[in-house]
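A, B, ... follow the sequence lines: proteins, then strands. Residue 1 opens every chain.
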Protein chains: 2
Amino acid sequence: MTARVTLDLSDPVPPYEQIRRQLSSLIAVGVLEPGSRLPTVRSLAADLGIAAGTVARAYKELEQSGLIESRRRNGTIVVGPPGAPHGVAGGDAAVMAAVDVLIRSAREAGIRDDTLIDLVRGRLTSKLDP
Amino acid sequence: MTARVTLDLSDPVPPYEQIRRQLSSLIAVGVLEPGSRLPTVRSLAADLGIAAGTVARAYKELEQSGLIESRRRNGTIVVGPPGAPHGVAGGDAAVMAAVDVLIRSAREAGIRDDTLIDLVRGRLTSKLDP
DNA sequence: GTCTTTGTATCACTAGATTGATACAAAAGA
DNA sequence: TCTTTTGTATCAATCTAGTGATACAAAGAC
């Protein structure tokens, strides 16, 4: 249960952000279910060969996003995604399906992955007002 | 036609990246159609109050993504998105529709915007092998 | 052929981000 | 109550990315 997070030091994305992204999407996908315990900051740091503070930073940001919850001495557990607070598991399934549809149609249209991300981002921000 | 790009200096995202993202999504959405002329690096830089090299960097990355094409003395024009090279306008419309469906279902599920981006990213990378 | 307008390349400076180390704080358990 | 295990805070060192300035190069206009 340790090796679900990987680091690529040649990636320009900094380690704490790699950790954050991977855990975020694992939680969003449902691989990490609410109640799951994450490794302690020290153990994950040791596994990855980095400082504990780096893992702590990733955890902190995930907590601010409402995906996990850290308590001293108790460790860190998954509480999200916050979308289906009443156990409505269908919500996330619908989102996942929508993601897959999007990716398939984007690939068919020949849109690059980076461009697709930009597209979603742009659409998200432009949907704030209306 | 100049003010379609905005800078937010308080945003941690650097200026060149803000420019890149905005133009990328404008092109992907179709607001900037193939053949459109982008402002010159100097004029856009002057409008935004930044150095020309900063705009040039954004343009360079967009060119590497295949979205625009720069020629000396000729300026820079939109050539993409590369998805519908034969004028199949329906391709991008399908992608746009998929994006909207995704955003709507994510909002209904209460998923944060940042988390949604992470989710799409994670799904994109995990879809490389299979 | 010259001039002017465009993008391109380079380079040093600065500012900020990231990290690792260390010390601190809380909370559970013996 | 003492100890241990966890997360948290801090802080300085390093490193890298981003920028602005300047000079260069190509290509069309005249």
B/E61 side-chain N/O to B/R20 backbone N/O, donor-acceptor pair under 3.5 Å: no
Neighbour count above 12 (heavy atom, 6.0 Å) for A/E33 CD: no
Expected output: side-chain A/R112 to main-chain A/R107 donor-acceptor under 3.5 Å: no
Contact nearer the 5' end of DNA chain D, comparing A/E63 with A/P12: A/E63
Distance below 4.0 Å between A/T76 side-chain N/O and D/dG7 OP1 or OP2: yes
Whichever of B/A56 and A/R73 has its nearest DNA chain C nucleotide further upstream toward 5': B/A56
Whole angstrom value for the distance that separates C1' of D/dG7 from CD of A/Q64: 14 Å
Under-3.5 Å donor-acceptor pair between A/R72 side chain and C/dA25 base: yes
Whole angstrom value for the distance that separates P of D/dG7 from CD1 of A/I77: 12 Å
Length of the CG-C1' vector between B/L38 and C/dT6, whole Å: 14 Å
Distance in angstrom units between A/L62 CG and D/dT8 C1', rounded: 16 Å
Any donor-acceptor N/O pair under 3.5 Å between D/dG18 base and B/R57 side chain: no
Touch class at under 4.0 angstrom, heavy-atom based, for B/P15 against every strand present: sugar-phosphate
Whole-Å distance separating the CG atom of A/L44 from the C1' atom of D/dT8: 17 Å
Nucleotide D/dA25, atom C1' - distance to CG of B/N74 in whole Å: 15 Å
First of B/Y16 and A/Y59 reached from the 5' end of DNA chain D, by closest nucleotide: A/Y59
Sugar-phosphate, base or nothing in reach of A/G53, heavy atoms under 4.0 Å: nothing
Integer-rounded Å distance: D/dA17 C1' and B/Q18 CD: 15 Å
Options D/dG28, D/dT6, D/dG20, nucleotide nearest the side-chain atoms of B/I50: D/dG20
Backbone of A/V13 reached by a side-chain donor or acceptor of A/Q18 within 3.5 Å: yes
A/K60 NZ - D/dT8 C1' separation (whole Å): 9 Å
Side-chain donor or acceptor of A/E69 paired with backbone N/O of A/V78 under 3.5 Å: no
Presence of A/T54 side-chain N/O under 4.0 Å of C/dT18 phosphate oxygens OP1/OP2: no
